[in-house]
Amino acid sequence: MKQLMLGNQAIARGMYEGSCSIISSYPGTPSTEITEEAAKYDEIYCEWAPNEKVALETAHGASLGGARSACAMKHVGLNVAADPLFTISYQGVSAGLVIFVADDPGMHSSQNEQDSRHYAIAAKVPMLEPSDSMEAKQFTKLAFNLSEQFHTPVFVKMCTRIAHSQSIVDTEEPVPFQQIPYVKDPTRVMMTVNSRNAHLRVEQRTKDLIAYAEQAEINRMELGDTSFGIITSSTSYQYAREVFGTDASILKLGMVYPLPEQLIRDFAEQVDHLIVLEELDPIIENHCKQLGLFVHGKDLFPITGEFSQGLVKTCVLHWLESLSSNDSWLQNQKKNLQLSECARLEDSIPVRPPVMCAGCPHRGIFYLLKKHNCMVYGDIGCYTLGAIAPLNAMDLNVCMGASCSGLHGFNKAMGEAGEEHSVGVIGDSTFAHSGITGLANIAYNQSNSTVIVLDNSITGMTGHQQNPTTGKNLRGEPAGQINLEALCHSLGIQRVRVVDPYDLEQAESVLKEELAAKEPSVIISRRPCVMIKGTVHKPPLHVDAEQCKGCGACMKIGCPAISVRGKNAVIDNTLCIGCEVCTQMCKFDALKA
């Protein structure tokens with residue numbers, strides 16, 4: 001049956017059809033929907049893990065237990081999972097183990113733009129890369145087969161465009177799979193001679209995978225006009241087809257590590273000019289150059305950002321126009337490209353900067369941090385928007401959990417000058433992900449650091465997933481729950497305070513006390529995210545026009561429900577949720593419930 005599916009949805013379908021039994025993941029855009037869609041199949045056990053390292057280790061354990069398993073993460077999550085990845089590559093797998101990693105060219109929702117193909121190369125783990133939803137499903141099923149055939153974990157690399165675009169998928173029934181019995185194998189203990197022997201097996205496996213890549217159907221030549229040929233993969237393949245048409249010669253790579261050698265040489269021999277079209281780093285380009293081929297790649301296309309049809313067309317036209325040759329092929333290519341039509345959005349769209357929601361419980365805390373001119377070591381979450389005007393209350397962020405560790409180092413360097421004016425902020429999900437060890441370091445090595453845990457009872461930035469602090473599992477069922485206060489105390493933090501971020505007077509008083517304290521402390525700012533389904537809000541506020549003086553004090557918190565028109569503040573009653581934070585800032589009692 002044919003269905004229109006998102007790429008992530010198609011991967012979940014591929015897991016179902018491939019008889020995957022277990023998936024453990026940590027949510028991260030653009031990979032989140034893979035696990036959420038998999039949870040719609042009762043046959044697949046699905047869970048949110050505290051972080052990506054735990055997710056991969058869980059999936060690996062399931063593989064050892066004989067069940068096909070998977071984990072999903074975004075590109076920066078792979079950094080967290082890298083530690084087990086390299087050793088799992090050495091150990092090998094029993095049942096199929098597939099790692100879905102979603103890159104984010106253009107950094108639509110990420111703090112960096114790293115290329116996950118480097119991890120495939122470094123860990124010597126094969127990587128497949130689909131170019132549409134149908135391939136996402138097919139490659140997922142193939143990945144399980146390859147994992148078992150070559151006894152290796154297998155990457156399936158997505159990107160934002162493939163993960164979140166739709167195309168037609170042919171659905172099929174699941175393939176039967178018999179759970180593999182567990183057999184004790186002492187060579188899996190990675191130490192001394194076992195590790196050395198495992199490395200030798202990995203090197204031979206890579207040679208075998210290269211031989212497979214030479215013949216694999218997912219690496220295919222599509223020959224047409226041979227004046228120039230394009231080597232490409234993923235979304236870049238779709239752009240090439242749209243820009244150059246069906247008559248272009250393309251070597252479409254579905255396996256991006258290890259790359260074939262003879263297949264690329266054979267393709268190069270059949271075209272006059274060779275172009276490598278790939279987003280981000282020149283992985284394929286460098287491989288071609290190592291084979292002794294002359295190719296155009298990053299000399300034509302940018303090494304940063306997300307590509308588009310228009311960008312590809314413009315870059316190739318510039319190259320053709322730079323050539324002095326009057327060959328007929330050159331003139332024809334110029335003419336064809338100049339006449340070709342690329343899909344594009346012509347209308348200018350007003351910029352809409354990201355902003356915390358009206359009534360967001362984080363807003364009041366960031367207002368107070370700015371008021372007291374604190375150095376704020378930020379973290380990864382929707383609260384990163386505290387860095388946006390008019391709050392401008394975050395100094396930096398690095399990666400999940402870094403706020404606790406980084407604040408400790410900052411205060412060790414600055415001493416009292418830093419301790420009295422610096423805080424780390426971290427969300428409840430991020431704290432469970434990787435902030436706990438940083439707080440343990442603060443307690444153990446005793447810096448006078450104040451950490452604020454912004455507990456909004458959900459993983460907000462990726463679309464409201466449960467986490468170990470919420471008391472519910474992925475499907476919303478009752479689950480084990482971390483008690484944040486008890487955990488902080490058990491780590492060695494004596495001062496643990498809980499505040500309501502809607503009560504600015506209480507929150508400010510506690511903040512001042514903890515900054516002045518001569519020992520580590522934690523402030524838990526607890527108020528559920530206003531967007532959690534089922535949350536009951538108060539009626540919207542309104543402005544008493546006679547009382548309002550137009551002073552603009554209420555605008556300092558940057559709430560999107562408040563604006564100024566003429567001389568008075570105005571409240572949008574379709575956005576306001578009646579949190580009353582703004583009323584605590586108005587000296588004229590102009591904001592009414």
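Computed from a predicted structure; not experimentally measured. Both backbone and side-chain heavy atoms feed into the values below; hydrogens, waters and symmetry mates do not.
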| Hey, are Thr29 and Asp104 close enough side-chain-wise for a donor-acceptor pair under 3.5 Å? | no

| said: For Arg117 and Glu129: C-alpha separation, side-chain torsions, deciding distance, then whether salt bridge (Lys or Arg N to Asp or Glu O under 4.0 Å) applies. | reply: CA-CA 10 Å; Arg117 292 178 294 174; Glu129 188 172 20; 5.2 Å; no

| task | Measure the spacing between CD of Gln238 and OG of Ser233 and express it to the nearest 0.5 Å. | result | 11.0 Å

| request: Using a 4.5 Å cut-off on heavy atoms from C-beta on, say whether the side chain of Cys159 contacts that of Ser234. | output: yes

| Does a donor on one side chain sit under 3.5 Å from an acceptor on the other, for Asn286 and Gln290? | no

| Any luck finding a side-chain donor-acceptor pair between Tyr119 and Asn79 under 3.5 Å? | yes

| task | Give a yes or no on whether the backbone of Gly18 and the side-chain of Arg68 come within a donor-acceptor separation of less than 3.5 Å. | result | yes

| request: Could you please spell out the steps behind the side-chain contact (heavy atoms from CB on, under 4.5 Å) verdict for Thr32 and Lys74? | output: CA-CA 8 Å; Thr32 304; Lys74 67 184 296 176; over 6 Å; no

| request: Looking only at non-hydrogen atoms, find the nearest pair between Asp132 and Ile162 and report the distance. | output: N-CD1, 4.0 Å

| Backbone of Gly305 reached by a side-chain donor or acceptor of Glu113 within 3.5 Å | yes

| note | CE (Met375) and CE (Met394) are apart, to the nearest 0.5 Å, by 11.0 Å

| Heavy-atom closest pair, residues Pro105 and Leu280 | CG-CD1, 4.2 Å

| task | Test salt bridge (Lys or Arg N to Asp or Glu O under 4.0 Å) on Lys157 and Asp103 and set out the steps. | result | CA-CA 7 Å; Lys157 176 180 175 289; Asp103 284 10; 3.8 Å; yes

| said: Does Glu203 have more than 12 heavy atoms from other residues, nucleotides or ligands lying within 6.0 Å of its CD? | reply: yes

| said: Could you go through Arg188 and Ser94, starting from their C-alpha distance and side-chain angles, then the distance that decides it, and tell me whether this counts as side chain to side chain donor-acceptor pair (under 3.5 Å)? | reply: CA-CA 11 Å; Arg188 282 189 169 131; Ser94 298; 2.9 Å; yes

| task | Spell out, as yes or no, whether a donor-acceptor pair under 3.5 Å connects the side chain of Thr384 to the backbone of Asp379. | result | yes

| Any side-chain donor paired with an acceptor under 3.5 Å for Asn112 and His75? | yes

| field | Verdict with reasoning, Ile436 to Leu487, per side-chain contact (heavy atoms from CB on, under 4.5 Å) | value | CA-CA 9 Å; Ile436 297 171; Leu487 174 60; 3.7 Å; yes

| Would you say the side-chain atoms of Thr459 pair up with the backbone N or O of Ser429, donor to acceptor, closer than 3.5 Å? | no

| request: Tell me yes or no: between the side chains of His408 and Ser449, is some donor less than 3.5 Å from an acceptor? | output: no

| Exercise: identify the closest heavy-atom pair between Thr160 and His108 | CG2-CD2, 3.9 Å

| Which atom pair, heavy atoms only, marks the closest approach of Gly378 to Ser403? | O-CB, 3.4 Å

| request: Examine distances only and state if a side-chain atom of Glu214 and a backbone atom of Glu261 form a donor-acceptor pair shorter than 3.5 Å. | output: yes

| task | Taking the side chain as every heavy atom from C-beta outward, state whether Asp115 and Glu279 have any atom pair closer than 4.5 Å. | result | no

| Side chains of Glu278 and Ser236, donor plus acceptor under 3.5 Å | no

| request: First locate atom CD1 of Ile11, then atom CZ of Phe100, and finally report the distance between them rounded to the nearest 0.5 Å. | output: 5.0 Å

| Side chains of Leu78 and Phe155: does their closest heavy-atom pair fall under 4.5 Å? | yes

| Min side-chain heavy-atom separation Leu6-Glu37 under 4.5 Å | no

| Euclidean distance, Ser63 OG relative to Ile22 CD1, rounded to 0.5 Å | 10.0 Å

| Is the side chain of Arg526 donor-acceptor paired with the backbone N or O of Val498 at a distance under 3.5 Å, no angle test? | no

| message | What I want to check is whether the side chains of Gln166 and Gln9 have a donor and an acceptor closer together than 3.5 Å. | response | no

| said: Side chains of Thr469 and Asp428 only: does a donor on one sit below 3.5 Å from an acceptor on the other? | reply: yes

| remark: Between the CD atom in Gln149 and the OH atom in Tyr212, the distance rounded to the nearest 0.5 Å is 7.0 Å

| Would Glu285 and Lys298 count as a salt bridge (Lys or Arg N to Asp or Glu O under 4.0 Å) if you check the C-alpha gap in whole Å, the side-chain angles of each, and the deciding distance to 0.1 Å? | CA-CA 8 Å; Glu285 178 184 348; Lys298 293 305 173 185; over 6 Å; no

| What is the ring orientation for Tyr90 with His199, classed by angle as parallel under 30°, tilted 30 to 60°, or perpendicular over 60°? | parallel

| Side chains of Ile303 and Pro282 in contact at under 4.5 Å (non-hydrogen atoms) | yes

| Just by distance, do the side chain of Thr232 and the backbone of Leu277 share a donor-acceptor pair under 3.5 Å? | yes

| task | Check the angle between the aromatic planes of Phe301 and Phe307 and answer parallel, tilted or perpendicular using the 30° and 60° thresholds. | result | tilted

| Check: Leu396 and Tyr377 side chains under 4.5 Å, non-hydrogen atoms | yes

| query | Do Arg205 and Ser89 meet the criterion of a side-chain donor-acceptor pair at a distance under 3.5 Å? | reply | yes

| query | Lys412 side chain to Asn445 main-chain N or O, any donor-acceptor pair under 3.5 Å? | reply | yes

| request: Without swapping roles, check the side chain of Thr430 against the backbone of Ile380 for a donor-acceptor pair under 3.5 Å. | output: yes

| said: Tell me whether the count of non-hydrogen atoms from other residues, nucleotides or ligands lying under 6.0 Å of CD in Gln215 goes above 12. | reply: no

| note | Heavy-atom nearest pair, Ala38 first then Ala12, reads N-CB, 3.5 Å

| query | Do any N or O atoms from the side chain of Ser405 and from the backbone of Ala402 form a donor-acceptor pair under 3.5 angstrom? | reply | no

| Hey, are the side chains of Tyr16 and Pro174 touching, using non-hydrogen atoms and a 4.5 Å cut-off? | yes

| remark: Heavy atoms of Gly77 and Glu52 approach each other most closely as O-CB, 3.3 Å

| request: Taking atom CD of Glu477 as the centre, report whether more than 12 heavy atoms of other residues, nucleotides or ligands fall under 6.0 Å from it. | output: yes

| said: If I take atom CD1 from residue Ile88 and atom CG from residue Leu64, how far apart are they, to the nearest 0.5 angstrom? | reply: 8.0 Å

| query | Would you say the side chains of Glu485 and His489 form a donor-acceptor pair under 3.5 Å? | reply | no

| Going by heavy atoms in the side chains, are Arg495 and Pro520 under 4.5 Å from each other? | no

| request: Begin from the C-alpha positions of Leu263 and Phe267 and carry the test side-chain contact (heavy atoms from CB on, under 4.5 Å) through to its verdict. | output: CA-CA 6 Å; Leu263 180 64; Phe267 180 72; 5.9 Å; no

| Are Cys288 and Ile231 close enough, and set up right, to give a side-chain contact (heavy atoms from CB on, under 4.5 Å), and what steps lead you there? | CA-CA 10 Å; Cys288 292; Ile231 304 176; 3.8 Å; yes

